[in-house]
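Okay, so here's the structure we're looking at.
Only heavy atoms go into these numbers, but all of them, side chains included; no hydrogens, no water, no symmetry mates.
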Protein chains: 2
Amino acid sequence: MGGHRLTHDRPGPAGQPAIDDAGPHPDPLPWPSRLRSLPSWLVGKTSSHAHRVTTEAFAAISARKYHYALLASLAEFGPSSQADLGRRCSFDRSDVAILVNELLEAGYVERTQDPADRRRNIVALTPAGRERLAEFDRVAAGIQERLLGPLGADERAELVRLLTRVLDHLGGVVH
Amino acid sequence: MGGHRLTHDRPGPAGQPAIDDAGPHPDPLPWPSRLRSLPSWLVGKTSSHAHRVTTEAFAAISARKYHYALLASLAEFGPSSQADLGRRCSFDRSDVAILVNELLEAGYVERTQDPADRRRNIVALTPAGRERLAEFDRVAAGIQERLLGPLGADERAELVRLLTRVLDHLGGVVH
DNA sequence: TGCCAACGTTGGCCACGCCAACCATAACAG
DNA sequence: CTGTTATGGTTGGCGTGGCCAACGTTGGCA
């Protein structure tokens, strides 16, 4: 995310279809069985799909999934410093700065200097931000549906449980 | 992976610890509950950990996980063209070219021109490649152990089953 | 008072996944 | 046979994501 990123506009050639490769269905061959039974491989592939689907779904409403994380954090824990936002969402400070600027520009948050500690910025949700978060909730629900399609409610819960335990063990969660 | 990548050496400053931030334990705050219950978020975080652990483990034996995929494919399906390798492991053609060069340089595969179709390269495992693959198997097993730590055998199998179903539904697997 | 830590900001790096272009070769249509 | 289309391998490049380094500002503490 770093660098002078502020621009996530993709001009794109938008020209004719490519001269060379075109087919969107290059008939995928089966994976090696060693990979098919490797949890780390499966998690990576699933994450890759999830990332693509999520990015597209949020882009369709001119948003980014990272915005969802920040607004969700603000809604649940109240106005926070950017450092706390980063800790809660496990984002780097520098990335939080950019994301907050984006949200600020769209009017979903407001940023004020903490009078009690003039190093801190206090980022707070605006009413428009609360509405945006509700929209994000709907988008996120649709994404889960598209991703987990055939899984029943109990299986989805089981998946969440297993992943949560793994993450907990890896020190990524509450601790 | 694209570009003139052939170099995955990381020089690294290796200097003193940073002047600014130092603490490796920035006391992680709990995630927003909206994210904690979002499968796509959990999968992404798990994948992130898995990627890091895997990359480190393979780097420790001067390898990359992508090498594992290619050698596994060659061992299971026999000598293949680079295009088939890419389809089987879902790698881009350009990335396969580089990976094969790396494996070639290390002596784990050999590359010959297909006499029946002079466009194709036939990539085949060498005896050293088979030994290397066995080493990769051991490393991969260790990685699963580190990642899935507290999960029992049945839970790991359930996780694999759920992820496989999701991937199947997403069109990423056999179909 | 002086030192160190934390915050926000800017700039940058690199791996990853992907695309575009190119040439050589093959397959196919007329 | 000939033109067209498709495939394979290679090189170069791009955009994103995650992260680090450095700096000025401010607060906490000895």
Side-chain angles (χ1 to χ4, degrees), chain A residues 1-13 15-23 26-27 44-45 47-49 51-52 54-55 59 64-66 80-87 89-101 111 113-123, chain B residues 1-13 15-23 26-27 44-45 47-49 51-52 54-55 59 64-66 80-87 89-101 111 113-123:
Chain A
M1 258 165 138
H4 28 154
R5 53 257 121 136
L6 251 299
T7 67
H8 56 101
D9 25 37
R10 294 260 244 127
Q16 323 286 19
I19 304 174
D20 209 340
D21 314 84
D27 27 294
K45 284 296 171 190
S47 167
S48 175
H49 280 279
H51 175 71
R52 190 176 36 75
T54 304
T55 300
R64 304 213 265 160
K65 58 177 171 178
Y66 313 99
S80 317
S81 70
Q82 296 182 192
D84 277 351
L85 280 176
R87 279 187 283 265
C89 304
S90 25
F91 294 161
D92 189 84
R93 290 181 298 172
S94 59
D95 300 319
V96 173
I98 290 157
L99 293 169
V100 167
N101 279 332
R111 178 170 57 193
Q113 194 184 42
D114 187 342
D117 183 344
R118 298 208 312 269
R119 289 173 303 180
R120 282 182 158 89
N121 289 340
I122 297 182
V123 181
Chain B
M1 255 164 144
H4 353 186
R5 53 261 118 134
L6 250 301
T7 67
H8 57 100
D9 24 39
R10 296 262 242 123
Q16 320 285 19
I19 304 175
D20 208 339
D21 315 82
D27 26 294
K45 284 297 171 190
S47 167
S48 174
H49 279 280
H51 174 72
R52 190 176 38 75
T54 303
T55 300
R64 304 214 262 160
K65 57 176 171 177
Y66 313 99
S80 318
S81 70
Q82 296 183 191
D84 277 351
L85 280 175
R87 280 187 281 265
C89 304
S90 28
F91 294 162
D92 190 84
R93 290 183 296 172
S94 60
D95 300 320
V96 173
I98 290 155
L99 293 169
V100 167
N101 278 332
R111 178 170 56 193
Q113 196 184 39
D114 186 342
D117 182 344
R118 299 209 309 273
R119 290 173 301 182
R120 283 183 158 89
N121 289 339
I122 297 182
V123 181

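Asp92(A) comes within 4.0 angstrom of a nucleotide base, judged by non-hydrogen atoms across all strands. As judged by a 4.0 angstrom heavy-atom cut-off over every strand, Arg52(A) is placed among residues making no nucleic acid contact. Counting any heavy atom pair closer than 4.0 Å across all strands shown, Ser81(A) reaches sugar-phosphate atoms only and no base atom.
Separating the NZ atom of Lys45(A) from the P atom of dC16(C) is a distance of 12 Å, rounded to the nearest angstrom. Separating the NE2 atom of His51(A) from the C1' atom of dG15(D) is a distance of 11 Å, rounded to the nearest angstrom. Atom CG in Asn121(B) sits roughly 15 Å away from atom P in dA24(C) (whole-Å rounding). In this structure, Gln113(A) atom CD and dT9(C) atom C1' are separated by 14 Å, rounded to whole Å. Atom CG in Asp117(B) sits roughly 16 Å away from atom P in dA24(C) (whole-Å rounding). Straight-line distance from the CZ atom of Phe91(A) to the P atom of dT9(C): 16 Å, rounded to whole Å. Put simply, CG on Asp95(B) is 15 Å from P on dG12(D), counting in whole angstrom units. In this structure, the CZ atom of Arg64(B) is 12 Å from the C1' atom of dC14(C), given to the nearest Å.
The side chain of Gln82(B) sits closest to dG9(D) out of dC18(C), dG9(D), dT9(C). Picking from dC16(C), dC7(C), dG8(D) the nucleotide with the shortest atom distance to the side chain of Tyr66(B) gives dC16(C). The Ala97(A) side chain lies nearest to dT10(C) when the options are dT26(D), dT10(C), dC19(D). Distances from the side chain of Ala83(B) to the nucleotides dG17(D), dG9(D), dG27(D) place dG9(D) closest. Listed nucleotides: dC19(D), dC7(C), dT10(D). Nearest to the side chain of Ser94(A): dC19(D). Of all nucleotides listed (dG8(C), dG17(D), dT10(D)), dG8(C) comes nearest to the side chain of Arg120(A).
Regarding contacts with the backbone of dG9(D), every side-chain N or O of Asn101(B) stays at 4.0 angstrom or more from both OP1 and OP2. For dT10(D), one of the phosphate oxygens OP1 or OP2 lies less than 4.0 angstrom from a side-chain nitrogen or oxygen of Arg111(B). Between Arg93(A) and dC19(D), a side-chain N or O to OP1/OP2 separation shorter than 4.0 Å is absent.
Not counting sequence neighbours, the partners of Asn121(A) by the side chain to side chain contact (heavy atoms under 4.5 Å, CB included) test are Gln82(A), Arg111(A). The salt bridge (Lys or Arg N to Asp or Glu O under 4.0 Å) test applied to Arg118(B) returns no partner, not counting sequence neighbours. Here Ser48(A) pairs with nothing under the side chain to side chain contact (heavy atoms under 4.5 Å, CB included) rule; sequence neighbours left out. With sequence neighbours left out, Arg119(B) forms a salt bridge (Lys or Arg N to Asp or Glu O under 4.0 Å) with Asp117(B). Checked against side chain to side chain contact (heavy atoms under 4.5 Å, CB included), Ser90(B) has the following partners two or more places apart in sequence or in another chain: Trp31(A), Lys45(A).
Ser81(B) OG to Arg87(B) CZ: the interatomic distance, rounded to the nearest 0.5 Å, is 6.0 Å.
The two residues Gly44(B) and Ser47(A) have their closest heavy-atom pair at CA-OG, 3.6 Å. Nearest heavy atom pair, residue Gly86(B) against residue Val96(B), reads CA-CG2, 3.6 Å. Between Ala116(A) and Asp114(A) the shortest heavy-atom distance is N-OD1, 2.8 Å.
Taking for each of Ser48(A) and Ile122(A) the nucleotide of DNA chain C with the nearest heavy atom, the 5'-most of the two is the partner of Ile122(A). Each of Lys65(B) and Arg118(B) has a nearest nucleotide on DNA chain C; the 5'-most of these lies closest to Lys65(B). If you find the closest nucleotide of DNA chain D to Ser80(B) and to Pro115(A), the one lying nearer the 5' end belongs to Ser80(B).
Residue-to-nucleotide contacts include a donor-acceptor pair under 3.5 Å from the side chain of Arg119(A) to the base of dA6(C).
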Distances under 3.5 Å between nitrogen or oxygen atoms of protein and nucleotides 1-3 of chain D:
none

